[in-house]
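Structure first, then comments.
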Amino acid sequence: GIVSNGSASDPAPPHDTFDTILVLDFGSQYTHLITRRLRELNVYSEMLPCTQKLADLSWKPKGIILSGGPYSVYAPDAPHVDPEVFKLDVPILGICYGLQEIAWHHGKNVLAGEKREYGHAALNIHPHGNSKQAHVSRLFEGLPDDMDVWMSHGDKLSRMPNGFATIATSTHSPYAGIAHEEKEYYGIQFHPEVTHTPKGGVVIKNFAVNICRAQQNWTMEAFKDKEIMRIRKLVGEKGQVIGAVSGGVDSTVAAKLMHEAIGDRFHAVMVDNGVLRKDEAKQVKKTLTEGLGVNLTVVDASERFLSLLKGVSDPEKKRKIIGNTFIDIFEEEAKKIAQKAENTPKAGKIEYFLQGTLYPDVIESISFKGPSVTIKTHHNVGGLPEKMNLKLIEPLRELFKDEVRKMGVDLGIPAHLVGRHPFPGPGLAIRIIGDVTLEKIRIVQEADSIFIEEIRKAGLYDEISQAFAALMAGRSVGVVGDNRLHGYIIALRAVVTTDFMTADAYEFDSAFRKRVAGRIGNEVQGVVRVLYEETSKPPSTIEFE
Ligand code: GLN
């Protein structure tokens, strides 16, 4: 969930310090990819909904990209861009719906095509088109005359918009690429941001770097230093910040960044809820305090969590118990820390709560959901900051996950931590189907640890997005020594995904599978059967509960 730390109080947001390409979102599922592709070129980019009023924007973009979208520009309730965009005197690139929107603005010649064009298409580039203007050829500079592109549209331009030249065609799209004769406006019917358009990156680079002249200075090194300065200004000379850490990438990077900025005036709290991975609390303490110098308090609350979880098998109830207990414990601990901290002579009050919000969460909360959808309000996980009357500080809210990882490396966080698979907040409680007992926790911890150890040994850890062991409900029969044992069933799951919205099972070879199953069966007391779970998401989810 998102609550912005506010542009008004924000001393130096990145769009003030880095050249920024503004991506206006018309609701395409690919819009965030445009922003990512730009960032990969070290050009800073931010996304805003297509309904953004330019008068409300406090900064000036170097260029604007209008995204694709599911609507038809000629429909009565179709979303349209603020016409001020065309008065801003910056280059504009329209992609798919964006192209159609530019055409609509320049003469309204867009209508439904006879056929949807979906999938690969051959693009023929005519760099200069029928124009004598030099700038029109810049969008396709360095590209071959024919290239493979990805199309996904049903509408088309019925004729050339006023003042434009054709710079590309395809069999079904006579206006697959257009450029304005006087202004730096470009439109393309295909999607350069998807990997199905192999040379799409060149088109985006040509627009951002050659046409908009955006500097390619968006590096994590540069951002890190500016962010540290920003945090110092925001928090002030005495201000203090508290935040929860879990051992995951985001909270570790955020904690280290806070420590670099304000030293021990950042208080990290780790709550051991008893359903962490094997030795996790110990390891996190070691890395954060000894390794990274972060001021950390570990609260061992495992007994309190486990007694509340006793006999509970409904997954939603388990989640609620863990979430609420976490909030209670964090708040109790925060009070103790505040009392101590505020009694030290040079320090002020704890005013801020650190939250490791990432840019995809921000995108999710601002992306255009269509004319009929009311934008839902977002809440913080558990509402902790409001409850404790703390302001939010979110140093990662402009970053994608891979950028967070890069920054982690720059901050000296060990590689195995920076590349770590995600781990759910309710921990092993949702990887144990049914009620949670100490014995089941031990079994799932040990099985998981063997699985991950073997994955690392085989050099597969970074190829896999998330891997773990889960404990199934019920028991099964096995033989141990000469005795029949009514034991537990372990399921192993490993998935590959880019965004965790969809996922595929990772395919291990059979030698690997046998080795891991054998080790778990032999080494983890109480396990009689090991299964591999290979359903994709959808219809399945990544976690079991
Ligand atoms: N709805 C428009 C069309 O079908 C735009 C599609 C898109 O932007 N992908 O042509």
Side-chain angles (χ1 to χ4, degrees), residues 21-38 45 47-52 64-82 85 92-123 139 147-161 164 166-179 185-201 203-204 207 363 366-373 499 501-502:
I21 304 291
L22 171 60
V23 177
L24 290 175
D25 174 39
F26 284 92
S28 157
Q29 54 180 333
Y30 303 136
T31 309
H32 67 284
L33 292 177
I34 306 172
T35 309
R36 288 194 66 134
R37 295 289 100 87
L38 288 160
S45 167
M47 189 191 110
L48 287 172
C50 56
T51 47
Q52 175 67 39
I64 295 176
I65 296 181
L66 310 179
S67 84
Y71 308 93
S72 290
V73 285
Y74 48 77
D77 61 350
H80 293 291
V81 75
D82 180 358
V85 157
I92 300 173
L93 171 66
I95 296 175
C96 204
Y97 187 96
L99 156 82
Q100 296 163 3
E101 176 69 1
I102 291 175
W104 192 249
H105 187 83
H106 290 84
K108 295 206 157 60
N109 299 302
V110 180
L111 42 80
E114 297 82 58
K115 247 184 31 206
R116 254 182 88 74
E117 200 178 3
Y118 185 82
H120 288 277
L123 189 77
L139 190 66
M147 69 175 202
D148 185 22
V149 297
W150 183 260
M151 298 270 198
S152 169
H153 68 112
D155 299 331
K156 63 173 194 187
L157 273 53
S158 54
R159 55 175 288 263
M160 182 69 83
F164 282 78
T166 307
I167 52 172
T169 54
S170 73
T171 320
H172 300 289
S173 298
Y175 310 108
I178 61 169
Y185 297 164
Y186 301 83
I188 47 183
Q189 187 60 73
F190 62 93
H191 287 275
E193 69 275 26
V194 301
T195 49
H196 306 296
T197 301
K199 295 201 165 70
V203 179
I204 293 175
F207 178 71
I363 285 183
I366 63 179
S367 63
F368 184 67
K369 312 245 171 34
S372 55
V373 181
D499 54 9
M501 303 297 287
T502 61

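Any value given below was found using the heavy atoms of this structure, including those in side chains, with hydrogens, waters and symmetry copies removed. Both ligands and their constituent atoms are indexed starting at 1 by order of listing.
Here Y71 has backbone heavy atoms under 4.0 Å from ligand 1, and that is the only part of it that gets that close. With a 4.0 Å heavy-atom cut-off, ligand 1 is reached by the backbone of P70 but not by any atom from C-beta on.
Taking atom 7 (C) of ligand 1 as the reference point, the nearest protein heavy-atom neighbour is C96 SG, 2.9 Å. Scanning the protein heavy atoms around atom 4 (O) of ligand 1, the nearest turns out to be G154 N, 2.8 Å.
Between the side chains of S170 and Q189, not a single donor N or O lies within less than 3.5 Å of an accepting N or O.
Enclosure of atom OH in Y118 is not indicated, since only 12 or fewer non-hydrogen atoms of other residues, nucleotides or ligands lie within 6.0 angstrom.
Note: no N/O pair closer than 3.5 Å links S72 and ligand 1 by distance alone. Taking only nitrogen or oxygen atoms, main chain and side chain alike, G69 reaches within less than 3.5 Å of ligand 1. The shortest N or O to N or O distance between Q189 and ligand 1 is not below 3.5 Å.
Taking every non-hydrogen atom of G68 and a distance limit under 4.0 Å, the qualifying atoms of ligand 1 come out as 8 (O). Ligand-side atoms of ligand 1 in range of S152: 6 (C), 7 (C), 9 (N), range being under 4.0 angstrom from any heavy atom. Ligand 1 places these atoms under 4.0 Å from at least one heavy atom of Q100: 2 (C), 3 (C), 5 (C), 10 (O). Atoms of ligand 1 lying under 4.0 Å from at least one heavy atom of H191, given by number and element, are 9 (N).
Taking the side chain as every heavy atom from C-beta outward, L139 and I188 approach each other to under 4.5 Å. Looking only at side-chain heavy atoms (C-beta outward), I34 and S67 come within less than 4.5 Å of each other. Using a 4.5 Å heavy-atom threshold, the side chains of L38 and V23 count as touching.
Between the side chain of S72 and the backbone N or O of Y74, no donor-acceptor pair lies under 3.5 Å. In this structure, the side chain of S45 engages the main chain of I21 through a donor-acceptor pair within 3.5 Å. Using modelled atom types, one side-chain atom of D25 and one backbone atom of F368 make a donor-acceptor pair closer than 3.5 Å.
Not a single heavy atom of K156 lies less than 4.0 angstrom from ligand 1.
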